[in-house]
Each structure stands twice: as C-alpha cells, then as structure tokens.
Amino acid sequence: MADQPRPVLGEDLSAALPADFLAFFSAHHQAYLRYAHIQLGSTADAEWVVEEVFGQLALIWGEVLRRPSVPAFALATLREEIAKLLAARGRDVALVETAAFAAVREATRARMGVLESALGLYAAITRLPDRQYDVVVMHFVLGYPVRRVAGIMGLSPATVRSHVRGARRRLARDLRIDWATEEED
C-alpha cells in the first residue's frame with residue numbers, strides 16, 4: 001500500500017486545539033506555505049518554518065487573540081522565522097530565483113510584462129519596505145486577490161491597494177520606467 005500523506009495537524013493534536021486556532025490555521029496555512037516557499041526556495045524549508053510558526057502560535061494562542069490583529073501578528077511571526085532560517089543558513093531571500101521561475105511557469109510574468117527585466121523587477125521587490133514587499137509578493141507573485149491579501153495580513157483592502165500603489169511608484173522609480181495606474185480588484 002502506498003504511503004498516505006501525513007496530515008499537517010495530527011488528529012490527536014487537532015482535537016486538543018481551540019476551534020478558533022484551527023479555523024485560523026485552515027484559513028492561512030496554504031498561503032503561509034506559498035509565501036515561505038517563495039522566500040526560501042525550498043518546499044521542505046517552507047513546511048518546516050510554517051509548522052514552527054503554527055506551533056508557536058498554538059502555544060500562545062490566548063495571547064495572540066489579544067493582539068490588535070491576529071493575522072498581522074502571525075505574519076510578522078512567519079517573517080521573523082523565515083529571516084532566522086535564512087540568517088542561520090547564510091542566505092538571502094530566494095525571491096529573485098523562485099519568483100522568476102514561478103513567473104515563467106505560471107504566466108505571472110504576463111501581469112508584469114510592462115517591466116523590461118523580470119530579474120531586475122524581483123531584485124527591486126526585495127528592496128521594498130516590509131508591508132509593500134509582502135503585498136507585492138502575495139498579490140502579484142502568488143496571485144492572491146486584494147481581499148485575500150488583506151485577510152492574510154490583517155489589513156483592510158483599501159490599505160492593501162494603497163501599499164500596491166506605493167510599491168508600484170517605488171518600483172517604477174527604482175527601475176526608471178513609466179507605470180500607468182490602473183484599477184485593482
């Protein structure tokens with residue numbers, strides 16, 4: 001009999017966790033995996049980091065619920081763990097390589113086809129401020145709609161759109177291109 005995939009949360013563990021944690025886990029797990037993978041360039045590393053983050057969140061879930069924004073706190077925790085792993089390995093974020101590959105594979109490049117160099121774009125993205133970087137990666141590279149990005153980050157859709165506009169302006173300036181504004185979803 002073929003090996004069955006191991007459930008992310010074992011049945012014994014999930015029965016002991018609060019329902020609101022399990023709902024949060026279900027709503028964010030896949031997005032966190034994709035986000036971590038684009039940063040780390042490795043499925044195994046992404047799975048490890050996301051498992052670590054959800055483990056940490058589960059341990060302090062009551063405290064997490066008292067935060068002004070649970071999604072914002074959880075994403076900050078994820079970013080911190082990714083940074084720790086990259087530092088421990090002496091590596092930079094893998095966005096330039098992973099996003100360029102994803103762009104070709106998934107036709108994401110067509111969305112940003114206005115820009116003359118995908119590698120130059122992804123390198124410029126890595127220089128954005130944290131919030132703009134997260135919004136650009138989640139919306140353009142991973143393809144999440146504005147409302148989903150807002151839910152993941154604990155922001156309003158209007159704030160996400162504002163970060164997109166700011167990131168576009170900064171990227172256009174850094175890459176010395178004209179960027180015509182257009183409506184976002």
Side-chain angles (χ1 to χ4, degrees), residues 8-9 13-14 17-99 102 122-171 174 184:
V8 178
L9 284 178
L13 182 57
S14 64
L17 293 169
D20 49 3
F21 175 83
L22 294 173
F24 183 83
F25 176 90
S26 293
H28 291 84
H29 184 260
Q30 189 61 36
Y32 282 18
L33 280 174
R34 291 184 72 207
Y35 179 81
H37 184 265
I38 208 89
Q39 308 301 315
L40 298 167
S42 159
T43 300
D45 286 348
E47 289 172 348
W48 182 86
V49 164
V50 170
E51 206 170 288
E52 181 70 19
V53 166
F54 277 109
Q56 289 176 25
L57 294 174
L59 289 173
I60 60 166
W61 188 244
E63 178 185 325
V64 172
L65 290 175
R66 290 189 292 277
R67 299 288 177 148
S69 172
V70 171
F73 177 79
L75 183 62
T77 304
L78 177 61
R79 286 182 58 83
E80 184 178 308
E81 290 303 316
I82 289 169
K84 284 181 191 176
L85 182 59
L86 288 170
R89 301 233 171 116
R91 291 183 29 224
D92 290 325
V93 68
L95 177 71
V96 175
E97 297 85 16
T98 57
Y122 297 129
I125 289 170
T126 65
R127 295 187 296 269
L128 289 171
D130 288 347
R131 288 248 174 128
Q132 288 180 358
Y133 173 86
D134 290 342
V135 165
V136 167
V137 167
M138 289 185 199
H139 184 56
F140 292 106
V141 178
L142 297 177
Y144 290 124
V146 168
R147 288 194 180 282
R148 178 74 171 124
V149 174
I152 292 167
M153 294 183 67
L155 303 172
S156 71
T159 300
V160 170
R161 286 189 291 274
S162 176
H163 286 308
V164 166
R165 285 190 300 276
R168 281 182 167 175
R169 283 191 300 273
R170 186 176 184 134
L171 290 170
D174 289 354
E184 289 296 326

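Only a predicted model underlies this, so the values are computations on that prediction, with no experimental measurement involved. Hydrogens, waters and symmetry mates are skipped; everything else that's a heavy atom, side chains included, is used. Throughout, residue positions are numbered sequentially from 1 according to the sequence presented.
Residues satisfying the salt bridge (Lys or Arg N to Asp or Glu O under 4.0 Å) criterion with R170, sequence neighbours excluded, are absent altogether.
Heavy atoms only, all atoms of each residue included: P157 and A150 are closest at N-CB, 3.7 Å. In terms of heavy atoms, Y32 sits closest to A74 at OH-CB, 3.1 Å. Minimum interatomic distance between V70 and L65 (heavy atoms only, all atoms of both residues): CG2-CA, 4.0 Å. For the residue pair A31 and I152, the shortest heavy atom distance occurs at CB-CD1, 3.4 Å. The heavy-atom pair separating Q132 from G166 by the smallest distance is NE2-C, 3.5 Å. When all heavy atoms of P71 and G151 are compared, the closest pair comes out as CB-O, 3.3 Å.
Separating the CG atom in L78 from the CD1 atom in I82 is a distance of 4.0 Å, to the nearest 0.5 Å. In this structure, R161 CZ and S156 OG are separated by 7.5 Å, a value rounded to the nearest 0.5 Å.
Residues M138 and L75 form a side-chain contact, since some pair of their non-hydrogen atoms from C-beta on lies under 4.5 Å apart. Under the 4.5 Å side-chain criterion, counting only non-hydrogen atoms from C-beta, I125 is in contact with L128. Between E52 and L85, every side-chain heavy-atom pair lies at or beyond the 4.5 Å cut-off. Side-chain atoms of H37 and L33, non-hydrogen and from C-beta on, never get closer than 4.5 Å to each other. Side-chain contact check for W48 versus L40: every heavy-atom pair is 4.5 Å or farther apart. Q56 has its side chain out of reach of I60: every pair of non-hydrogen atoms, C-beta onward, lies at least 4.5 Å apart. Contact annotation: the side chain of R131 approaches that of L155 to within less than 4.5 Å [non-hydrogen atoms, C-beta and beyond]. Under the 4.5 Å side-chain criterion, counting only non-hydrogen atoms from C-beta, L57 is in contact with F24.
Judged by distance alone, with hydrogens and angles left aside, the side-chain atoms of R34 form no donor-acceptor pair with the main-chain N or O of Q30 at under 3.5 Å. A donor-acceptor contact shorter than 3.5 Å links the side chain of S26 to the backbone of L22.
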| field | Audit row: H163, H139, side-chain contact (heavy atoms from CB on, under 4.5 Å) steps and yes/no | value | CA-CA 11 Å; H163 286 308; H139 184 56; over 6 Å; no
| field | Stepwise side-chain contact (heavy atoms from CB on, under 4.5 Å) test for H28 and Y35 | value | CA-CA 10 Å; H28 291 84; Y35 179 81; over 6 Å; no
| message | Let's go through F140 and V164 carefully: what are the C-alpha distance in whole Å and the side-chain angles of both, what is the deciding distance for side-chain contact (heavy atoms from CB on, under 4.5 Å) to 0.1 Å, and is it a yes or a no? | response | CA-CA 9 Å; F140 292 106; V164 166; 3.9 Å; yes
| Residue pair T159, M153: steps toward the side-chain contact (heavy atoms from CB on, under 4.5 Å) verdict | CA-CA 10 Å; T159 300; M153 294 183 67; over 6 Å; no
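One finds no salt bridge joining E63 and R66 here, because no Lys/Arg side-chain nitrogen approaches an Asp/Glu carboxylate oxygen to under 4.0 Å.
The aromatic rings of H29 and F54 sit tilted, their planes meeting at an angle between 30° and 60°.
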